[in-house]
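What follows is one structure encoded as structure tokens, with my remarks underneath.
Each ligand, and each atom within it, is numbered from 1 in the order the structure gives.
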Amino acid sequence: MFKISFRFLGIALLTMMYACTSTNQPSTTQNIEEKSIDIPQSKPKNIILLIADGTGLSQISSTLYYSDRSSNYERFKHIGLIKTSSASDLITDSAAGATSFASGIKTYNGAIGVTTDTIAVPTILEELSDIGYATGVVATSTITHATPASFYSHVKYRRMEEEIAVDLTNSTVDFFAGGGLNFFNKRSDKRDLLKELSSNGFEVSTSTITPTMAIDLSKKYGFLLAPEGMPKAIEGRGSFLEDATVLGLNYLSKDSDGFFIMVEGSQIDWGGHANDAGYLIGEMLDFDRALGKVLDFAEETKNTLVIVTADHETGGFTLSSDEGNYNKIKPTFSTGGHSGTMVPVFAYGPGSENFIGIYENTAIYHKIKELLNL
Ligand code: MG
Ligand code: ZN
């Protein structure tokens, strides 16, 4: 209701209201104008969920210190924090973390789209697909890795990547891009899932992806561009993440019902596990570039909700001063695993104001459903 009154009241009246009212409202004229322009409608048509695996505040801050460009994270106004513990552990893994986003439940570490009793639970991607949305998943890991898998697969344990590949082949996903070709064509059961994908309506490419390629709307698209994970950003992955994201948006946005896509910066987490700051920062800057493309799309279309978050922080990463030299940053790790620190959530577009505050990771799913009146 508050939002509706924003749209119909003049700036002068707003200025008066702000001049004499509450402390939790923006206090400058500039903020008021920005805010009134910023809220085109409250129900988004499209949802873009970006997961920067293993990204805490220090990883995000590295996009400020290690790039000449401004960070795309600075384009957000609505920011919150999530508590990331899983049902089994204080510190989550990526499977339980992604399942909480995808299905709104807390489960055990290692679980892909199943409850603590290993019962399959519907995912937001499946639910939206059922009511006509076009759907996609993009990752720089294998496309069968824990994070993307949690949106379309239901298995007891994350390492079951051959089973996960079967789930993807038979899923309602319309567009996917990532690594993991081996789980489709070098399988222990000798099934050729590339053939099965094409009989299920997929055009599969194992060589390249071009953001401007011609799209046939009667087809689904799958890109499997590496035998296992994609190469590291600092070792020549190129613009894969941006290109796959842009092509995915081009294709999925042709669906008049709206779309849902999950885009993962998978290897930020791997740089953290390796305690390799160069690897981590390279992945972070790559993710930030893809984020820029997503925000450009959302600014243009005005009906797209963008949510950026992480499943957990990895590495206990900090941007320390170098032995007391406050003019020099020394990236420092405190663990080879994950940490239990809260992680930020950034939201842009219709409904983005609902993502401020501190809440459980499972609330991301419930907030999306609420905004879509589901
Ligand atoms: Mg991941
Ligand atoms: Zn990890």
Side-chain angles (χ1 to χ4, degrees), residues 49-56 58-60 82 84-86 88-103 107-113 123-125 136-153 155 157-161 164-165 167-168 173 176-180 183 226 228-233 237 240-241 244-245 261-277 279-284 286-287 290-291 307-317 333-343 345 361 364:
L49 174 62
L50 295 107
I51 301 178
D53 196 319
T55 301
S58 293
Q59 283 84 347
I60 292 164
I82 46 170
T84 60
S85 292
S86 71
S88 62
D89 294 87
L90 285 176
I91 297 175
T92 190
D93 83 321
S94 294
T99 297
S100 73
F101 300 146
S103 299
T107 188
Y108 58 92
N109 284 8
I112 303 287
T123 75
I124 186 89
L125 183 151
V137 284
V138 172
T140 56
S141 58
T142 60
I143 200 64
T144 46
H145 213 262
T147 311
S150 298
F151 287 83
Y152 63 78
S153 177
V155 296
Y157 192 56
R158 57 183 293 168
R159 302 269 178 237
M160 300 164 68
E161 285 192 75
I164 293 169
D167 280 355
L168 180 56
V173 171
F176 67 84
F183 297 109
E228 294 174 359
M230 296 293 292
K232 297 175 185 177
R237 189 166 71 231
F240 163 77
L241 189 58
T245 303
I261 187 170
M262 192 290 298
V263 174
E264 185 195 24
S266 319
Q267 297 192 35
I268 302 160
D269 174 65
W270 300 357
H273 282 293
N275 284 7
D276 181 336
Y279 183 8
L280 186 161
I281 292 164
E283 294 301 323
M284 205 58 233
D286 178 66
F287 180 80
L291 176 56
I307 304 159
V308 188
T309 189
D311 41 6
H312 52 74
E313 194 277 341
T314 305
F317 184 60
F333 295 92
S334 62
T335 175
H338 300 168
S339 74
T341 330
M342 290 192 287
V343 295
V345 181
N361 52 4
I364 302 262

**Positive for side chain to side chain donor-acceptor pair (under 3.5 Å) with Asp53, one of Ser141, Ser266, Ser94** =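 Answer to the side chain to side chain donor-acceptor pair (under 3.5 Å) test with Asp53 among Ser141, Ser266, Ser94: Ser94.
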
**Request:** Could you tell me the separation between the CG atom of Asp311 and the CG atom of Asn361, rounded to the nearest 0.5 Å?
**Result:**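 Going from CG on Asp311 over to CG on Asn361, the span is 9.0 Å.
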
**Message:** Could you measure the distance from the OG1 atom of Thr144 to the OH atom of Tyr152? Nearest 0.5 Å is fine.
**Reply:**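 Rounded to the nearest 0.5 Å, the OG1-OH separation comes to 5.5 Å.
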
**Request:** Please confirm whether the backbone N or O of Met230 pairs with a side-chain atom of Gln267, one donor and one acceptor, at under 3.5 Å?
**Result:**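 Indeed, once roles are kept as given, a pair shorter than 3.5 Å links the two residues.
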
**Request:** Give me the protein N, O or S atoms that fall under 2.8 Å of the Zn ion (ligand 2), sorted by chain and residue number.
**Result:**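 Counting only protein N, O or S atoms under 2.8 Å from the Zn ion (ligand 2), the list reads Asp269 OD1, Asp269 OD2, His273 NE2, His338 NE2.
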
**Asked** Counting backbone and side chain alike, does Asp53 bring an N/O/S atom below 2.8 Å of the Mg ion (ligand 1)?
**Response**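 Short answer: yes, at least one N, O or S atom is under the cut-off.
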
**Asked** Taking 2.8 Å as the cut-off, does an N/O/S atom of Ser94 lie below it from the Mg ion (ligand 1)?
**Response**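 No.
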
**Prompt:** Taking the side chain as C-beta and beyond, is there a heavy-atom pair between Arg237 and Glu283 under 4.5 Å?
**Reply:**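 Side-chain contact under 4.5 Å: yes.
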
**Asked** Do Ile60 and Thr55 have side chains that get closer than 4.5 Å, going by heavy atoms?
**Response**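 Yes; the side chains approach each other to less than 4.5 Å.
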
**Asked** Which single N/O/S atom of Glu264 lies at minimum distance from the Mg ion (ligand 1)?
**Response**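 For Glu264, the N, O or S atom at the smallest distance from the Mg ion (ligand 1) is OE2.
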
**Asked** In terms of the angle between their ring planes, are Phe317 and Phe333 parallel, tilted or perpendicular, with boundaries placed at 30° and 60°?
**Response**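 It falls in the tilted class, 30° to 60°.
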
